[in-house]
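This report refers to the structure that appears directly beneath it.
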Amino acid sequence: MPILTIETKPYADQKPGTSGLRKRVGVFMQPNYLENFVQSIFDSLEGFKGKTLVIGGDGRYYNDVAIQTAIRIAAANGFGQVLVGQGGLLSTPGASHVIRHHKAFGGIILSASHNPGGPDGDFGIKYNVGNGGPAPEKITDAIFARTKVIDRYVTVNAPDIDLGTIGTQHCGEMRVEVIDPVADYADLMKTLFDFDKIRAMFAGGFRMQFDAMHAVTGPYAHRILEGLLGAPKGTVINGTPSPDFGGGHPDPNLVYAKDLYDLMMGPDAPDFGAASDGDGDRNLIIGRGRFVTPSDSLAILAANAPHAPGYAAGITGIARSMPTSAAADRVAEKLGIEMHETPTGWKFFGNLLDAGRVTICGEESAGTGSNHVREKDGLWAVLLWLNVLAARQQSVDAIVLDHWATYGRNYYTRHDYDEVDSAAANALVEALRGKLPSMAGTSLSGRDVAYADDFTYHDPVDGSSSAKQGIRIGFKDGSRIVFRLSGTGTVGATLRVYVERYEPPHGQHDLETQLALAPLIALADEIAGIRTRTGRDAPSVIT
Ligand code: VG1
Ligand code: CO
């Protein structure tokens, strides 16, 4: 089949953010917008002729069109085979596992994760490398450089692949294998967790609600929770992926998963509530009457991982993103294992995981995962919690309280100011940067400043550095304020303010979080001038 070379013109705005390129659907639908980016990915890679590429997405609007386009461009560029999830679906952790399991060259994931979908929503695309993880900055920088000068892409004139039918088809010379999106992933989960013990817990009357938020984890949760683990039908709600996520916002936090939260705080709450995001890499964990902050969940899972067979030998180290609370650090300290602080975004964990230096990683944004794949993994976190609950035979609440009594509590919150004017947000950050040198060694609202800097990460494995990863002001009493701008938003700028305070094991652990942090929240506004600079009285989202 002849390869068609199509002339094109560069777009100036194809810089990948925290997790790939994310834009409004309308931006992606511009002529050659997607084609340019896919070709720029391939132009930045070497040695893939005849090799396997994995393609899948979270089922959002435009997923189907984008997949067909990517398959044709992959065929024209000389890939030997594409593995694509049935219906075009693969969760992000599922795709990571398929890449690793089938020793693929890499993969393309079509998702804008927790951002809303539909014709007026967001779309996204990112490239993952052969270890199954998001491409490191070296590659995303090369892709961006290429998008700025691209003048042609190649494709083939072949009919659409039937994504509904599992089995082998062809696109030009290239083989296309439509695979069951869940099977490989479910097999992997069986090797990590004590399915018999969890099944026995469900058989004994344990009740759970899993909200798949009309997103990609629906088929995974149905098969694994209600199928393999025998949870009663109805345990999984909103379990059919829809292109606009049922009109909702597939972000599993206390704002967008409020129904689940209300259920879990109500009189007839089940034992365990959980939710996942658009592409299945985030998790929300709520016990009866007890919400578990993602930073605490990371620490608790790290401390309890050996209850699961896959981690019975113990963990080698923990990594967390910089804005994530220091709760996990205390677990690492007690275990005498390595602890790493990385910039926001899962791509920074890949080297540490590959080098065997850490087993468990996490982010405050409801992302937790381990060395089983190279992405954060929502359902994995849920299954590890279930395994811990089945092994300890205690409630979520009891486990959380016990954790705080042992390690102390890191009160933690994140305040997001969405769709702020970009110029105002940048000016706020610049002004803060200017103030940093004069802050160290001073006292702010009675708290002694231990350090004030703009975080630079030095990767201990490959020696690379990443600067300007967030402004942190740490105090001698263990409390901390962090400011950074989001790298996943599609409109204006999102300012994130992260606040935490440490309360030792015998301290007071039952304060309401916002109340416990009120003085630091006020101080953050004072330092950064959030209200005056953004014109906002209150955050858009508090998590
Ligand atoms: C956000 C989170 C970050 C996460 C990223 C991708 O990035 O803060 O922790 O890794 O989303 O998650 P930002 O730059 O907007 O703060 V997902 O679930 O979109 O793949
Ligand atoms: Co996600």
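Each residue takes its place number in the sequence, starting with 1. In each ligand, atom 1 is the first atom listed, and ligand 1 is the first ligand listed.
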Salt bridge present between Arg414 and Asp416 (N-O < 4.0 angstrom): yes
Flag side-chain contact, heavy atom, 4.5 Å: Arg472 against Asp453: yes
Ligand-side contact atoms (ligand 1) for residue partner Asp277, heavy atom cut-off under 4.0 Å: 18 (O)
For Ser19, atoms of ligand 1 separated by under 4.0 Å from a heavy atom: 6 (C), 20 (O)
Interfacing atoms of ligand 1 (cut-off 4.0 Å, heavy-atom, Gly487): 13 (P), 14 (O), 15 (O)
Distance filter under 4.0 Å to Arg484 heavy atoms, resulting ligand 1 atoms: 13 (P), 14 (O), 16 (O)
Heavy-atom nearest neighbour in the protein, as seen from atom 11 (O) of ligand 1, with distance rounded to 0.1 Å: Arg282 NH2, 3.0 Å
Phe245 ring center within less than 6.0 Å of His214 ring center: no
Number of protein N, O or S atoms [distance to the Co ion (ligand 2) under 2.8 Å]: 4
Cation-pi, Phe349 ring and Lys347 (6.0 angstrom, 45 degrees): no
Test salt bridge (charged side-chain N to carboxylate O under 4.0 Å, His left out) applied to Asp454 and Arg433, Lys468, Lys435, the passing residue: Arg433
Glu375 near ligand 1 by a heavy-atom separation under 4.0 Å: no
Side-chain heavy-atom pair Tyr498, Arg496 within 4.5 angstrom cut-off: yes
Per-atom contacts of ligand 1 with Arg22, taking only distances under 4.0 Å to non-hydrogen atoms: 17 (V), 19 (O), 20 (O)
Close-contact set for ligand 1 against Gly345 heavy atoms, below 4.0 Å: 10 (O)
Parallel, tilted or perpendicular, as decided by the 30° and 60° cut-offs, for the rings of Phe272 and Trp385: tilted
Polar atom proximity, Lys376 to ligand 1 (N or O, under 3.5 Å): yes
Backbone or side-chain N or O of Thr344 under 3.5 Å from ligand 1 N or O: no
Step-by-step side-chain contact (heavy atoms from CB on, under 4.5 Å) determination, Asp296 to His403: CA-CA 9 Å; Asp296 276 349; His403 189 88; 5.5 Å; no
Salt bridge present between Asp251 and Arg282 (N-O < 4.0 angstrom): yes
Worked verdict on Phe291 versus Thr513 for side-chain contact (heavy atoms from CB on, under 4.5 Å): CA-CA 11 Å; Phe291 162 64; Thr513 303; over 6 Å; no
Heavy-atom gap Ser321 to ligand 1 smaller than 4.0 Å: no
Protein contact of atom 20 (O) of ligand 1 - nearest heavy atom, named by residue and atom, plus distance: Asp281 OD2, 3.1 Å
Proximal ligand 1 atoms for Thr18, defined as those under 4.0 Å from one of its heavy atoms: 5 (C), 7 (O), 13 (P), 14 (O)
Mode of Ser365 contact toward ligand 1 - side chain, backbone, both, neither (heavy atoms, under 4.0 Å): side chain
Ring center gap for Tyr62 and Phe28 short of 6.0 angstrom: no
Min N/O separation Thr488 to ligand 1 under 3.5 Å: yes
Identity of the nearest option to atom 8 (O) of ligand 1, non-hydrogen atoms only, from Met322, Arg496, Glu363: Arg496
Identity and separation of the nearest protein heavy atom to atom 17 (V) of ligand 1: Ser113 OG, 2.8 Å
Sidechain N-carboxylate O distance under 4.0 Å for Glu341, Arg480: yes
Aromatic plane relationship, Tyr457 with Phe348 - under 30° parallel, 30 to 60° tilted, over 60° perpendicular: perpendicular
Pair Tyr11-Tyr33, ring pair (Phe, Tyr, Trp, His ring centres under 6.0 Å): steps then yes or no: CA-CA 7 Å; Tyr11 286 91; Tyr33 193 88; 4.8 Å; yes
